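Just so it is clear: chains get the letters A, B, ... in the order the sequence lines come, proteins before strands, and each one is counted from 1. What's counted below: heavy atoms across the whole structure, side chains too, no hydrogens, waters or symmetry copies. Fair warning: this is a prediction, and the values are worked out from it, not measured in the lab.
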Amino acid sequence: MPQYQAVKGSRDIFPEEAAQWKYVEGVVHSIASLYGFSEIRTPVFEYTELFQRGIGSTTDIVGKEMFSFQPDPQGRSITLRPEMTAGVMRAVLQKNLLASAPVHKLYYISELFRKERPQAGRQRQFSQFGAELLGASSPAAVAEVISLMMHVFESLGLHGLRLRINTLGGTEDRMRYREALQGYFSKYHTSLDEASKERLEKNPLRILDSKNPGIQEIVSGAPRLFDYLGLEAVGDFEKVLFYLGERGIACDIDYRLVRGLDYYSYTAFEVTSSELGAQDAVGGGGRYDSLARELGSSSDIPAVGFAVGIERLLMTMEKQGLFAALTPDAPLVFVVLQQQEYSDHAMRIAYRLRKAGIRTEVDLVSRSMKSQMREANRIRSSYALFVGENEVAAGQYTLKNLVTSDQTTLSLDAIIEILHEPAMKEYVKS
RNA sequence: GUGAUUGUAGCUCAGUUGGUUAGAGCGCCAGGUUGUGGCCCUGGAGGUCGGGGGUUCGAGUCCCCUCAUUCACCCCA
């Protein structure tokens, strides 16, 4: 085993996989642009209090999953961001962005860090893309954000994803429901597991999405949040559903869906993939009107957003065979030198071809011709250009088409012309 | 943090009740074709059997510890 390995929960992305990332990122950029969202990049670390206030100190993320450290003994603790929303909101407030225009639509593709035990679909360093719509959280705004997310999935060719949606109501709705839930679960106190008992005090809503079968049995008889909603919340939710229906976005209403972060209210949603194993949530989001005030703003800022786990997205795409057509860029021509003495000459030729815009490969480790040809074949080069005694003497080079095995001897200028001919490239590739 | 799982060549894995110099396929390098690839043939390089300790005449095989991996719980994307 090598002396140094990637840190637990982190990994390397080698070229083949990097091409998949590049492809997905490209789609995210273009769809986000289609919906009028602009990219924002924020620092990978923030002062720790930002996440404590923003995400909620009762959550596991803040409680035990943050990578925090003090740059100097007297300094403030800082934390590698475990999610993006708090940082984006901080940036927006810091710059007072909303003063320049009432609505801002931002998206990001970023690395996040959580000190969890790694498992399938869970890394300590992971990536999300997401969007935050600030200044509006009307049903129309919510529908826009969900549409954007689903549009990305569709463009990538994903199928079989399940969108679940729920409304958590307003603060008052939730307070009433919370009391009702506490009353209900208290009756089953002896049957609750440790985690649920703790949640009963801190955040009884989260008992609802417990995976413990015994708990789920109790949950099935619990009062429903929906019955505690005021008219406003119901109307808001119905309007969101109306927009989604109109756009043909299928979703399941799931009254038990409760998102983990404290700042959510009203509409919350989650997208799951059946091909992922235990960590099946690909993305999720919702409304978080109260976050801004939590972070020190003098007033609420209506806001809605989502985040999608890119690793999980890639895993799902891999399972669905969506990368099959992705092929690495093969060089067009491989400069093969006959003997080591022609190396300088071959290097000059390779450079000229590249300056002419032709993808070119050349041997760098003094390999035999046979080996160079094998290499050319291995990396799917379309042509081989030979540099040997005859070529150097005549100033004419042998160009071999590696698909048809035809070869001719021409001046370098003529060769460059041929390699520039698009029809030839197509012919060679097919 | 808890539970389980696996750890033999670059990769995927064999290694029989503990018994000589630890194997295969693929990959890599070289040669068969003294200027030419893909197929085929031949040869070669490459391994502290994750690490440490113990039992034994003898340990890749058994025991203990440790590190790492993977999966699940918790929680979350």
Asker: Give me the distance, rounded to whole Å, that separates C74(B) from U8(B) when you measure between the C1' atoms they each carry.
Answerer: 35 Å
Asker: Taking only residues two or more places apart in sequence, or in another chain, which ones meet Ala414(A) in a side chain to side chain contact (heavy atoms under 4.5 Å, CB included)?
Answerer: Leu410(A), Ser411(A)
Asker: For nucleotides A59(B) and C64(B), find the distance between their C1' atoms and express it as a whole number of Å.
Answerer: 15 Å
Asker: Could you tell me how far U17(B) sits from C62(B) if I compare only their C1' atoms? Round to whole Å.
Answerer: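 The answer is 12 Å between these two C1' atoms.
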Asker: Counting side-chain heavy atoms from CB outward, which of G35(B), U69(B), C76(B) is closest to Lys8(A)?
Answerer: U69(B)
Asker: Would you kindly give the CD-to-C1' distance between Glu275(A) and A77(B), to the nearest whole Å?
Answerer: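 So the two atoms are 17 Å apart, to the nearest Å.
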Asker: Report the nucleotide, chosen from G37(B), U69(B), C76(B), that has the shortest atom-to-atom distance to any side-chain atom of Lys400(A).
Answerer: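 Nearest listed nucleotide: G37(B).
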Asker: Looking at Tyr383(A), is its backbone amide N or carbonyl O close enough to the side chain of Ser381(A) to form a donor-acceptor pair, meaning the two atoms are under 3.5 Å apart?
Answerer: yes
Asker: Does Arg117(A) contact C71(B) through a side-chain donor or acceptor facing the base, at a distance under 3.5 Å?
Answerer: no
Asker: With heavy atoms under 4.0 Å as the rule, sort Gly130(A) into base, sugar-phosphate or nothing.
Answerer: nothing
Asker: Scan for side chain to side chain donor-acceptor pair (under 3.5 Å) pairs involving residues 148-160 of chain A, sequence neighbours excluded, and state none if there are none.
Answerer: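 Qualifying pairs, neighbours excluded: Tyr35(A)-His151(A), His159(A)-Gln320(A).
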Asker: Does any donor-acceptor pair link the side chain of Arg114(A) with the base of A77(B) at a separation under 3.5 Å?
Answerer: yes
Asker: Taking atom P in both A68(B) and C29(B), what distance in whole Å separates the two?
Answerer: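 It comes out at 35 Å once rounded to the nearest Å.
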Asker: On RNA chain B, check which nucleotide each of Arg122(A) and Gly284(A) is closest to and give me the residue with the more 5' one.
Answerer: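 The residue mapped nearer the 5' terminus is Arg122(A).
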Asker: When rounded to the nearest Å, what value does the distance between P atoms of G15(B) and G3(B) take?
Answerer: 30 Å
Asker: What side-chain donor-acceptor pairs closer than 3.5 Å can you find for residues 337-346 of chain A, not counting sequence neighbours?
Answerer:
unit_1	atom_1	unit_2	atom_2	d
Gln338(A)	OE1	Glu389(A)	N	2.9
Gln340(A)	OE1	Ser366(A)	OG	3.3
His345(A)	NE2	Tyr397(A)	OH	2.6

Asker: Grab the CG-P distance between Asp280(A) and A72(B) for me, whole Å please.
Answerer: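 Value for this atom pair: 10 Å.
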Asker: When the C1' atoms of U70(B) and U6(B) are compared, how many Å lie between them, rounded to an integer?
Answerer: 7 Å
Asker: Check this for me, if you would: do Arg287(A) and Asp289(A) make a salt bridge, where the nitrogen-to-carboxylate-oxygen distance has to be below 4.0 angstrom?
Answerer: yes
Asker: Reckon Ala376(A) touches a base, only the sugar-phosphate, or nothing at all at heavy-atom distances under 4.0 Å?
Answerer: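 Contact class for Ala376(A): none.
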Asker: Using side-chain hydrogen bond (donor to acceptor under 3.5 Å, both in side chains) as the criterion, list what pairs up with Thr171(A), not counting sequence neighbours.
Answerer: none
Asker: Identify whether any heavy atom of Glu270(A) sits under 4.0 Å from a base atom; if not, whether one sits that close to sugar-phosphate; answer base, sugar-phosphate or nothing.
Answerer: nothing
Asker: Where the side chain of Ala278(A) is defined as all heavy atoms beyond and including C-beta, which of A72(B), A68(B), A77(B) is the nearest nucleotide?
Answerer: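 Closest nucleotide to the Ala278(A) side chain: A72(B).
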Asker: Considering only residues two or more places apart or on different chains, which pairs with a residue in residues 25-46 of chain A satisfy salt bridge (Lys or Arg N to Asp or Glu O under 4.0 Å)?
Answerer: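 Listed once each, the pairs are Glu39(A)-Arg41(A), Glu46(A)-Arg90(A).
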Asker: Can you name the side chain to side chain contact (heavy atoms under 4.5 Å, CB included) partners of Ala131(A), sequence neighbours left out?
Answerer: Phe37(A), Tyr107(A), Leu148(A), Phe306(A)
Asker: Give Glu311(A) one of three labels, base, sugar-phosphate or nothing, depending on what nucleic acid heavy atoms sit under 4.0 Å from its own.
Answerer: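 Touches nothing.
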Asker: Represent RNA chain B in dot-bracket notation, 5' to 3'. Only Watson-Crick or G-U wobble pairs with both distances under 3.5 Å count; pseudoknot-style crossings use [ ] and interstrand partners use |.
Answerer: ((((.((..((((.....[...)))).(((((.......))))).....(((((..]....))))))).))))....
Asker: Whether the side chain of Gln372(A) and the base of G37(B) hold a donor-acceptor pair under 3.5 Å is what I'd like checked.
Answerer: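 Between G37(B) and Gln372(A), which were checked side chain against base, a qualifying N/O pair under 3.5 Å is absent.
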Asker: For Val308(A), which contact category applies under a 4.0 Å heavy-atom criterion: base, sugar-phosphate, or nothing?
Answerer: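 Touches nothing.
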Asker: Could you tell me the separation between the CZ atom of Arg11(A) and the P atom of U69(B), rounded to a whole number of Å?
Answerer: 13 Å
Asker: Do NZ/NE/NH1/NH2 and the carboxylate oxygens of Asp252(A) and Arg162(A) come within less than 4.0 Å?
Answerer: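 Result for this pair is yes, salt bridge flagged.
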Asker: The criterion is ring pair (Phe, Tyr, Trp, His ring centres under 6.0 Å); which residues satisfy it with Phe226(A), sequence neighbours excluded?
Answerer: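 Listed in chain order: Tyr255(A).
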Asker: Pick the nucleotide of RNA chain B nearest each of Leu402(A) and Gly283(A); which residue has the one closer to the 5' end?
Answerer: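 Result: Leu402(A).
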Asker: Sequence neighbours left out, what passes side chain to side chain contact (heavy atoms under 4.5 Å, CB included) with Met317(A)? Give chain and number order.
Answerer: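 Only Tyr23(A), Val24(A), Leu156(A), Leu158(A), Leu313(A), Leu322(A), Phe323(A) meet the side chain to side chain contact (heavy atoms under 4.5 Å, CB included) criterion with Met317(A).
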Asker: Take the protein atom CD of Gln5(A) and the nucleotide atom C1' of U66(B), then report the distance between them rounded to whole Å.
Answerer: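 Computing the Gln5(A):CD to U66(B):C1' distance gives 14 Å.
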Asker: Do NZ/NE/NH1/NH2 and the carboxylate oxygens of Arg352(A) and Asp413(A) come within less than 4.0 Å?
Answerer: yes
Asker: Check if the side chain of Gln119(A) and the base of U70(B) share a donor-acceptor pair of N or O atoms closer than 3.5 Å.
Answerer: no
Asker: If we take the C1' atom in both G35(B) and C28(B), what is their distance in whole Å?
Answerer: 24 Å
Asker: Evaluate whether the aromatic ring of Phe126(A) and the six-membered ring of the A77(B) base sit under 5.5 Å apart, centre to centre, with an inclination under 30°.
Answerer: yes
Asker: Which atoms of nucleotides 9-13 of chain B (N or O only) lie under 3.5 Å from a protein N or O atom, and what are those distances?
Answerer:
none

Asker: Remember a base hit wins even if backbone is also touched, and classify Gln339(A) as base, sugar-phosphate or nothing at under 4.0 Å, heavy atoms.
Answerer: nothing
Asker: In whole angstrom, what separates Glu116(A)'s CD from A72(B)'s C1'?
Answerer: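 Taking CD of Glu116(A) and C1' of A72(B), I get 14 Å after rounding.
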Asker: What pairs of donor and acceptor atoms, side-chain ones from residues 8-15 of chain A against any protein atom, are under 3.5 angstrom apart with sequence neighbours left out?
Answerer:
unit_1	atom_1	unit_2	atom_2	d
Ser10(A)	OG	Val7(A)	N	3.2
Ser10(A)	OG	Val7(A)	O	2.6
Arg11(A)	NH1	Glu17(A)	OE2	3.1
Arg11(A)	NH2	Glu17(A)	OE1	2.9
Arg11(A)	NH2	Glu17(A)	OE2	3.1

Asker: Give me, pair by pair, the N or O atoms of the protein and of nucleotides 28-34 of chain B that are less than 3.5 Å apart, along with how far apart they are.
Answerer:
unit_1	atom_1	unit_2	atom_2	d
C29(B)	OP1	Arg367(A)	NH1	2.6
A30(B)	OP2	Ser371(A)	OG	3.0
G32(B)	N7	Lys370(A)	NZ	3.4

Asker: With respect to Thr79(A), which candidate in Phe113(A), Phe67(A), Phe51(A), Phe69(A) satisfies the side-chain contact (heavy atoms from CB on, under 4.5 Å) definition?
Answerer: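 Testing each of Phe113(A), Phe67(A), Phe51(A), Phe69(A) against Thr79(A), the sole residue satisfying side-chain contact (heavy atoms from CB on, under 4.5 Å) is Phe51(A).
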